[in-house]
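Once you've had a glance at the structure underneath, I'll fire off some questions.
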Amino acid sequence: MTPDEVLARLRREPDVEAPDLVAVDATDRLLLDTARETAPDLARQRVVVVDDAYGALTLGAVAAGARDVRVHQDLLVGEQALARNAARTGLAGAYGSGPLTAELFDGATLVLAKAPKALDALRELTELAAAAADPAVTVLVGGRVKHMTHGMNDVLGAGFTEVSASLARQKSRLLVARGPRPGVRSSFPRCRHDDALGLDVCAHGAAFAGTRVDDGTRLLAAALEDAAPEARTALDLGCGTGVLAAVLARSRPDLTVTATDQSAAAVASARATLARGGLDRVRVLRDDVAATLPDAGTDLVVCNPPFHLGAAVVTAAADRLFTAAARVLRPGGELWAVWNNRLPHRAALRRVVGPTRTAAHDRRFTVTVSTRR
């Protein structure tokens, strides 16, 4: 099967499928075309792929001849989509998945990456690749032109001696980095003490908000003193860097706390935050919407759901988390959620979970308590 035939068969599932949403975009195609131009004999390359949304880069490279392909995807839904697409195209087993570590980049000669949203995510990739890849490595980072910034060049330049930009094609562009600088080492996870919480917050590059604690999390953390006092089990759903799980576990030593997130960076960050606080008893799982947790087995769920998709304010991600909370809560259990005042979450919470009241609010955020019917 040719690369074009493979790409034509890819699907987004289990992520959202819709006519205007694609599994292969112009950036994927530009990265693959440039990879073949840079290294015509892909079979001789040690290829690393980072944040392949649905498998286009990984499976396209394999179809073009690559035989040594290692992949890291931050989002669990991306891993699942890649696995399904590999089975769909007969390429299951043609790649290996792993965490974002120096071992992933060991001896790599070609790195293909989708440009991350956060500069720190690119910085972590840069540091790991510069430290562990082959001295002759070529790093290709691709994204939509409107999302590419000069700051990305600077980040790559801290790890590589040569950084250049490709010409734009179909509103996509690549940054090309070569020549790893000597002595570069990973600086992640980074940790910073938060005086107000009395907690060291640790974060890998792709973790939302990094080592900063966002205002919504602060408001919810302050309100949790009154949360479900009889609870014996609690879940931090979409845990990010683990701040809410840490607050619960530290203040209530008899509470059994689980934290879940589908982001590998978030899970690694939460584990680092909890370990730093001596709270290793908290179980941290990489899990999409608590899918591996049993129904009606949790007394208390806390959640600070995402509300942005790029620059747009959206509700879909929060609705998925609210539905998950309703499933895992026992009858009478409580969901404590914080959300931006502009969003119409109250109606969804009443519909999906149960009776909902306000526990705290400020000019930007509201904390609500929803009791499971």
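All values derive from a computational prediction rather than experimental measurement. Atom set for the values below is all heavy atoms of this structure, side chains included, hydrogens, waters and symmetry mates excluded.
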*Might you point out which heavy atoms bring Arg178 and Thr138 nearest each other, and give the distance in Å?*
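What the structure gives for the nearest pair is NE-OG1, 3.1 Å.
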
*asked:* Testing Arg372, Arg330, Arg232 one by one against Asp299 for a salt bridge (charged side-chain N to carboxylate O under 4.0 Å, His left out), which residue passes?
replied: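 Among the candidates, only Arg330 passes.
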
*Give the C-alpha distance, both sets of side-chain angles, the deciding distance and a yes or no for salt bridge (Lys or Arg N to Asp or Glu O under 4.0 Å) between Asp33 and Arg169.*
CA-CA 11 Å; Asp33 289 347; Arg169 190 182 84 183; 2.9 Å; yes

*asked:* What verdict does the salt bridge (Lys or Arg N to Asp or Glu O under 4.0 Å) test give for Asp214 and Arg364, after you've listed the backbone C-alpha separation in whole Å, the side-chain angles of each residue and the deciding distance to 0.1 Å?
replied: CA-CA 12 Å; Asp214 67 275; Arg364 293 180 58 206; over 6 Å; no

*Grab the two heavy atoms, one from Leu237 and one from Cys303, that are nearest each other, plus how far apart they are.*
O-SG, 3.5 Å

_Walk me through whether Leu59 and Asn85 qualify under side chain to side chain contact (heavy atoms under 4.5 Å, CB included)._
CA-CA 8 Å; Leu59 301 178; Asn85 281 325; 3.7 Å; yes

*Closest heavy-atom pair and its distance - Ala165, Leu175*: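 In this case the closest contact between Ala165 and Leu175 is CB-CD2, 3.8 Å.
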
*asked:* Working note: Glu334 + Thr371, criterion side chain to side chain donor-acceptor pair (under 3.5 Å); need CA distance, chi angles, decisive distance, verdict.
replied: CA-CA 5 Å; Glu334 294 180 353; Thr371 304; 4.7 Å; no

_Contact between Arg192 and Cys202 at the side-chain level, heavy atoms closer than 4.5 Å - yes or no?_
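In short, these two side chains do not touch, never coming nearer than 4.5 Å.
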
*What closest approach, in Å, do Ala26 and Arg144 show between heavy atoms, and which atom pair accounts for it?*
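Where Ala26 meets Arg144 most closely, the heavy atoms are CB-NH1, 3.7 Å.
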
*For the side-chain hydrogen bond (donor to acceptor under 3.5 Å, both in side chains) test, which of Thr356, Thr366, Thr358 pairs with Arg346?*
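Among the candidates, only Thr358 passes.
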
*Dump the intermediate steps for salt bridge (Lys or Arg N to Asp or Glu O under 4.0 Å) on Asp25 and Lys114, then the final yes or no.*
CA-CA 11 Å; Asp25 62 21; Lys114 297 292 274 292; 3.4 Å; yes

_Which Ile, Leu, Val, Met, Phe, Trp or Tyr residues join Phe208 in one cluster when any pair of side-chain heavy atoms under 4.5 Å counts as a link?_
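Traced through the cluster, Phe208 reaches no other member.
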
*With sequence neighbours left out, write down each residue that passes ring-ring contact (aromatic ring centres under 6.0 Å, His included) with Phe322, or none if nothing qualifies.*
His345

*Test item: Asp41 and Arg36 side chains (from C-beta on) under 4.5 Å apart, heavy atoms*: no

*Compare all side-chain heavy atoms of Leu112 with those of Val50 and state whether any distance is below 4.5 angstrom.*
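They are not in side-chain contact.
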
*Is the closest side-chain donor-acceptor distance between Ser187 and Glu127 under 3.5 Å?*
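On atom types as modelled, these side chains qualify, holding a pair under 3.5 Å.
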
_Note, Val257 side chain near Arg250 side chain (heavy atom, < 4.5 Å)_ = no

*Does the side chain of His193 reach to within under 4.5 Å of the side chain of Leu199, using non-hydrogen atoms?*
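They are not in contact (no side-chain heavy atoms under 4.5 Å apart), so the answer is no.
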
_Is any side-chain heavy atom of Leu57 closer than 4.5 Å to one of Leu32?_
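Side-chain contact under 4.5 Å: yes.
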
*How close do Leu349 and Ser370 get, heavy atom to heavy atom, and via which atoms?*
CB-OG, 3.6 Å

*Can you see which heavy atom on Ala223 is nearest to which on Trp336, and at what distance?*
O-CZ3, 3.5 Å

